[in-house]
Protein chains: 2
Amino acid sequence: MNQVSQTSCGISKVMSQLGGKWKFLIIWRIHQNEGIRFNQLQRDTNGITNVMLNRCLKELTQDGFVLRKDFHSVPPHVEYYLTKQGKSFIKIMETMNDWGENNL
Amino acid sequence: MNQVSQTSCGISKVMSQLGGKWKFLIIWRIHQNEGIRFNQLQRDTNGITNVMLNRCLKELTQDGFVLRKDFHSVPPHVEYYLTKQGKSFIKIMETMNDWGENNL
DNA sequence: ATTTACAGTAACAAAAAGATTAGTACTTGC
DNA sequence: GCAAGTACTAATCTTTTTGTTACTGTAAAT
């Protein structure tokens with residue numbers, strides 16, 4: 001999704017998986033409401049389209065940040081959670097969120 | 001430089017000023033070598049062009065993350081530093097860098 | 001019977017970000 | 001005298017990212 005050279009430092013690695021307009025925000029929203037469903041997540045995420053949300057969720061799931069729990073029901077019912085890895089990133093996001101509120 | 005809605009949370013605010021391919025990395029490099037000069041910074045920053053470096057530095061300076069010290073000499077001599085605000089963000093980047101190295 | 005909600009998907013268009021090329025003016029080293 | 005280094009800048013082009021539109025099938029609510 002975004003092209004930061006992956007070979008160098010941890011910062012680059014993080015940016016290559018979580019860079020872009022939405023992913024930090026999506027992780028943050030799922031954290032605030034574990035088990036959230038697709039449409040609710042879209043409503044909560046300030047202006048994102050279903051297409052972008054879908055793409056990001058797919059990538060975040062593939063990259064091991066997000067867990068997709070499908071109830072295989074009709075009409076569909078799918079819930080999103082953070083994985084262990086996703087959760088382990090939350091401390092950083094909390095710090096970053098506080099920093100952003102206080103410094104920007 | 002990048003369009004994340006600014007109204008919501010700290011995360012969004014951070015992303016709107018530091019999002020994109022290079023800014024985290026540039027801040028990180030200046031931190032590792034305070035007083036670094038333009039061309040050296042370009043060499044250290046893995047594949048960035050002078051145009052992008054210049055744009056990012058301009059924006060980071062305007063946004064108060066980076067200090068540009070011009071010696072007004074010929075040939076030009078300019079050094080880049082982190083501002084107090086820039087430095088205050090470093091703790092987060094250190095955590096993020098470690099996290100990236102260990103988890104990705 | 002029509003609308004709404006669920007969770008998407010494909011094809012395409014637009015916008016943003018990034019890269020390329022060429023050039024500024026001056027100096028030191030070869 | 002020529003190349004290389006200093007720190008950029010403008011204009012243009014390409015690539016990447018994001019957004020738009022239209023659509024799927026089922027069920028519950030109005």
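So you know, we letter chains A, B, ... as the sequences are listed, proteins then strands, and number each from 1.
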Separation of atom CZ in B:Arg43 from atom C1' in D:dG5, rounded to whole Å: 9 Å
Presence of salt bridge, A:Arg68 and A:Glu79, under 4.0 angstrom: no
Spacing between A:Leu41 atom CG and C:dA5 atom C1', to the nearest angstrom: 16 Å
B:Glu94 side chain reached by B:Ile90 side chain, heavy atoms, under 4.5 Å: yes
Proximity to the side chain of B:Lys21 - top-ranked nucleotide from D:dG19, C:dG18, D:dT6: C:dG18
Touch class at under 4.0 angstrom, heavy-atom based, for B:Phe71 against every strand present: nothing
Distance below 4.0 Å between A:Arg37 side-chain N/O and C:dC6 OP1 or OP2: no
Gap between atoms CH2 and C1', on A:Trp22 and D:dT16 respectively (whole Å): 17 Å
Side-chain N or O of B:Lys58 closer than 4.0 Å to phosphate OP1/OP2 of D:dC8: no
Residue whose closest nucleotide on DNA chain C lies nearer the 5' end, A:Val51 versus A:Pro76: A:Pro76
Residue-phosphate contact under 4.0 Å: A:Arg68 side-chain N/O, C:dG8 OP1/OP2: yes
Nearest-Å distance for atom pair CE/P, residues B:Met52 and C:dT21: 17 Å
Length of the line joining A:Leu57:CG and D:dT18:P, which is rounded to integer Å: 14 Å
Rounded interatomic separation in angstrom, taking NE2 from A:His77 and P from D:dA28: 15 Å
Donor/acceptor link under 3.5 angstrom from A:Arg55 side chain onto base of D:dG19: yes
Short side-chain N/O contact from B:Asn54 to OP1 or OP2 of D:dT9, under 4.0 Å: yes
Donor + acceptor pair across side chains of A:Trp22, A:Thr45 (<3.5 Å): no
Results of side chain to side chain donor-acceptor pair (under 3.5 Å) for A:Gln40 - residues two or more places apart only: A:Arg43, A:Asp44
Candidate nucleotides C:dC26, C:dG18, D:dA27, ranked by approach to the side chain of B:Pro75 - the nearest: C:dC26
Sugar-phosphate, base or nothing in reach of B:Asn50, heavy atoms under 4.0 Å: base
Nearest-Å distance for atom pair CG/C1', residues B:Leu53 and C:dG18: 13 Å
Exam field: side chain A:Asp70 to backbone A:His72, donor-acceptor pair closer than 3.5 Å: yes
hbond_proxy B:Asn39 side chain to D:dG5 base (donor-acceptor, 3.5 Å cutoff): no
Rounded distance (Å) that lies between atom P of D:dT26 and atom NE2 of A:His72: 17 Å
